[in-house]
Amino acid sequence: MKLLAVLFALLFANAAWNPARADCPLDLGRGTGLVIFSDHYMIAFRPDPLRIEVGEPFALVFNVCTKSGSAGELVVVDAVMPEHKHTMNYRPSIVSKGDGRFRAEGLVFHMAGHWEISIDVRAGEEIERLTHDYYIK
Amino acid sequence: MRRRPLTAALLASVLVAAIVAPAAAQAPPDWSEAEIRLVGRHGPWPPPPARDPSNRISGTPAGIALGEHLFNDVRLSGDELMSCATCHQAGRDWSDGRALGKARADLDRRTPSLWNVGYSHWFGWNGAGDSLWSQSIRPILDPREMGGSRERASRLLREDKQLACGYERAFGAKPDGDDERLLVDAAKALAAFQATLVSPRTRFDDFRDALVAGDREAASRYGLAEQRGLQLFIGAGNCNACHLGPRFTNGEFGDIGIAFFVRPGEVDSGRLGGLAALAASPFNLLGRYNDDASGSSALRTQHVRRLHSNFGEFRVPGLRQVGRSVAYMHNGGLATLEDVVRHYSEVSPDRLHSDGVPLVRSLGLSAGQSTDLVAFLRSLDADPPPHPAPPPLCP
Ligand SMILES: [Cu+2]
């Protein structure tokens with residue numbers, strides 16, 4: 001179900017996206033990913049390993065595209081539990097893989113429940129924050 | 001009790017109540033799909049053997065054998081009177097039967113049991129160790145504990161024939177590294193041994209497996225009080241927010257409102273001090289003694305973050321064999337499981353400065369609920385088989 005929704009989001013995202021940026025590669029190597037938008041950005045990402053386990057380190061792999069076609073940079077990735085008002089006990093590090101691809105390493109969700117992932121990106125001076133809600137059982 | 005004339009109807013209703021009430025109390029609780037999933041996450045037990053990529057002799061029979069001999073060897077201590085086994089005794093669930101550790105000096109923290117220690121990722125109540133082997137160096141060098149040294153440990157490995165032979169079998173080379181490296185190798189052997197200490201299966205595990213398999217018959221062998229206590233644990237009590245997984249801990253840190261004053265004017269800063277000690281240690285996983293070339297074992301150490309809330313946080317203890325302990329919490333401040341449950345039932349919200357939905361809040365449990373919760377916690381205990389003495393290293 002969930003996977004289907006994600007795949008659907010992927011297809012839809014491709015269709016709705018500015019054709020000039022059709023080369024924004026949303027496939028993250030394993031065929032599945034999450035996509036989030038703003039006025040300026042489209043970001044595809046997926047966890048590595050694909051299944052996040054409570055208390056186990058994981059990474060997020062990203063593809064950051066901008067509407068203008070200029071290079072987007074992933075600045076900070078973080079996560080909080082909004083209900084409990086706490087962050088992760090770890091601060092992820094980010095490595096650029098070139099071509100708008102990034103890898104954020106060192107995330108750990110140490111509790112089950114609702115986590116809000118924040119993704120700070122920029123293409124120029126201004127940093128914009130995109131968020132994504134993740135529920136882990 | 002004063003006798004009063006009762007009408008027939010009243011009498012009947014009293015009788016019905018008398019018959020129905022105990023029957024209702026005895027009915028096994030219903031388990032929803034969601035609850036069964038939550039219970040399932042506390043198993044299966046035992047897990048696969050622990051392997052530590054930062055320790056090249058982890059899981060090897062020769063490493064484990066050497067480690068067990070060192071664990072019992074008083075010559076690692078400065079006065080040759082104390083071994084690891086002095087405080088971590090096989091017959092006392094690998095602890096010492098005391099509320100607070102005691103060596104040359106009184107210690108400020110309780111000696112934790114070593115059951116299932118191989119599955120942790122932070123060690124010590126404050127998480128100052130990031131590997132089982134680095135945690136095993138601390139008591140050797142600490143003047144308040146064994147008061148040993150690099151020189152003493154390396155001399156022991158080089159000069160004792162049995163240990164030297166055990167070393168060669170474990171590491172595939174003679175013990176001729178420098179003193180510090182040999183101390184680290186001794187600790188890696190100690191770690192290999194400790195990682196084999198896995199607590200036995202319990203009545204809870206039988207219930208968990210039966211529930212997950214849908215075997216009502218087998219599940220019904222678990223007591224009703226235990227079942228109700230378990231429902232509280234994963235439900236209204238919210239205990240599994242921190243005490244999760246097969247070991248009943250997320251391996252991280254929390255503040256549940258236990259005093260952190262050691263003595264007037266002196267505090268145990270818990271996790272905050274642990275992070276400082278971790279960063280300062282030459283034996284942490286970012287240092288030269290990590291055997292893991294892939295670097296993945298150092299991920300947590302590399303990314304761990306210092307937070308204001310770390311002050312007064314202590315590691316979430318696992319709960320297997322918990323009822324067999326003589327004291328609870330990092331400071332041994334609570335004597336019984338009943339005291340622990342009373343703490344969670346009555347803890348003051350003022351002590352738990354939480355901005356959001358509090359993870360720990362006074363639960364206001366009834367007497368019956370408290371009994372149930374204790375009964376559940378006790379079902380996590382089982383008698384381990386006797387631990388045999390290790391065979392000679394090189395007969
Ligand atoms: Cu939380």
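Protein chains get the first letters and strands the later ones, always in sequence-line order, with residue 1 at the start of each.
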Portion of Pro92(A) that has a non-hydrogen atom of chain B nearer than 4.5 angstrom: backbone
Indicate the ring-plane relationship of Trp122(B) and Tyr90(A), choosing parallel, tilted or perpendicular according to the 30° and 60° boundaries. parallel
Glu56(A), part contacting chain B, at a heavy-atom distance under 4.5 Å: both
Looking only at non-hydrogen atoms, find the nearest pair between Ser134(B) and Phe283(B) and report the distance. CB-O, 3.4 Å
Report the option among Arg271(B), Arg306(B), His121(B), Arg41(B) that has the most heavy-atom pairs separated by less than 4.5 Å from atoms of chain A. Arg41(B)
For chain A, the option from Arg37(B), Arg300(B), Gln302(B) that forms the most heavy-atom pairs under 4.5 Å: Arg300(B)
Which portion of Met81(A) sits near chain B, non-hydrogen atoms under 4.5 angstrom: neither
Are His343(B) and Tyr328(B), when compared by the centres of their aromatic rings, separated by less than 6.0 Å? no
Does a donor on one side chain sit under 3.5 Å from an acceptor on the other, for His303(B) and Ser93(A)? yes
Charged N-O contact under 4.0 Å between Asp205(B) and Arg320(B): yes
